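The structure appears below as C-alpha cells.
Please read these numbers as outputs of a predicted model, since none were measured by experiment.
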Amino acid sequence: ELGEPPATLPTVGTNLTDLRLPQKVTVRELGGCMGPIWPSYYSECSALLFVVDASNPTQVSSSCIQLLSVLSAAPLASVPVLVLFNKIDLPCYMSLVEMKSLFRMQDIVSCATQPITMLETSARDGTGLAEVLQWLRTALKDP
C-alpha cells in the first residue's frame, strides 16, 4: 500500500528520501534547474529516475537535451535509467506514444549504453508508482 500521494510542487534544490525495497535506498531528487550540479552526484548513482512533465510541451526540448546529457555521462554508462512521463492525470498531458515520438526515444534507446525503461505516471494520483517501486527493486537487486 502506497498511501496517499503527496502534494506535488516542482523541485527546487535537492530532496533526500529513504525507501525500503526491502533494503534501504536513498533517493536524491534534483530539480531540473539544478542541472549544472547533477554531475557531482553521478558517482553515487546506482539507478536513475528521469522525470519529464508530460503536460508541458514547451519543456520537451530542454528535457530531451538534459536526458541526452545524463545518458552520455561516463559515470552513468551502465546505470539503469527509468524515464517517467509524469502528470498524466492532467487533461493536457501528452501520451506515451507522443512523448516517445517527440523525444525520439527509439533513437535514444538504440544509441544508449545503459538500459532504459519508460513509464507514464501521476505523482498526484499515484498512477504508475507501484511500477516505479518494482523497477527500483529489480534495478537495485544484488548481482
Contacts satisfying ring pair (Phe, Tyr, Trp, His ring centres under 6.0 Å) that involve residues 44-95 (not counting sequence neighbours) are Phe85-Phe103
Here the ring pair (Phe, Tyr, Trp, His ring centres under 6.0 Å) pairs for residues 58-80, sequence neighbours left out, are none
Side-chain donor/acceptor pairs under 3.5 Å, residues 128-139, sequence neighbours excluded:
{"residue": "Gln134", "atom": "NE2", "partner": "Thr138", "partner atom": "OG1", "Å": "3.3"}
{"residue": "Trp135", "atom": "NE1", "partner": "Thr117", "partner atom": "OG1", "Å": "3.3"}
{"residue": "Thr138", "atom": "OG1", "partner": "Gln134", "partner atom": "O", "Å": "3.1"}

Using only atom types and a distance under 3.5 Å, with no angle test, would you say the side chain of Gln59 pairs donor to acceptor with the backbone of Asn56?
no
Roughly how far apart are [X] [atom1] and [Y] [atom2], rounded to 0.5 Å?
{"X": "Leu84", "Y": "Leu119", "atom1": "CG", "atom2": "CG", "value": "6.0 Å"}
{"X": "Ser63", "Y": "Met99", "atom1": "OG", "atom2": "CE", "value": "7.0 Å"}
{"X": "Leu90", "Y": "Ser122", "atom1": "CG", "atom2": "OG", "value": "7.0 Å"}
{"X": "Met105", "Y": "Ile108", "atom1": "CE", "atom2": "CD1", "value": "5.0 Å"}

By side chain to side chain donor-acceptor pair (under 3.5 Å), Ser101 pairs with (sequence neighbours left out) none
Sequence neighbours excluded, the answer for side chain to side chain donor-acceptor pair (under 3.5 Å) partners of Ser46 is none
Which residue pairs pass the salt bridge (Lys or Arg N to Asp or Glu O under 4.0 Å) test when at least one of the two sits in [range], sequence neighbours left out?
{"range": "residues 52-70", "value": "Asp53-Lys87"}
{"range": "residues 60-84", "value": "none"}
{"range": "residues 37-50", "value": "Arg28-Glu44"}
{"range": "residues 67-76", "value": "none"}

Applied to residues 102-111, the side-chain hydrogen bond (donor to acceptor under 3.5 Å, both in side chains) test, sequence neighbours excluded, yields Arg104-Asp107
For residues 31-42, the side-chain hydrogen bond (donor to acceptor under 3.5 Å, both in side chains) pairs (sequence neighbours left out) are none
Just so I know, are the side chains of [X] and [Y] near enough to count as touching, which here means a heavy-atom distance under 4.5 Å?
{"X": "Thr17", "Y": "Glu29", "result": "no"}
{"X": "Cys45", "Y": "Leu48", "result": "yes"}
{"X": "Val83", "Y": "Ile116", "result": "yes"}

Same apolar cluster: Leu102 and Ile88, side chain cutoff 4.5 Å = no
Side-chain donor-acceptor pairs of residues 68-81 under 3.5 Å, sequence neighbours excluded:
{"residue": "Ser72", "atom": "OG", "partner": "Leu68", "partner atom": "O", "Å": "3.1"}
{"residue": "Ser72", "atom": "OG", "partner": "Ser69", "partner atom": "O", "Å": "3.0"}

Correct closest heavy-atom pair for Leu140 and Ala47 would be CD2-CB, 3.7 Å
In terms of heavy-atom contacts, Met94 and Glu120 come closest through O-OE2, 4.4 Å
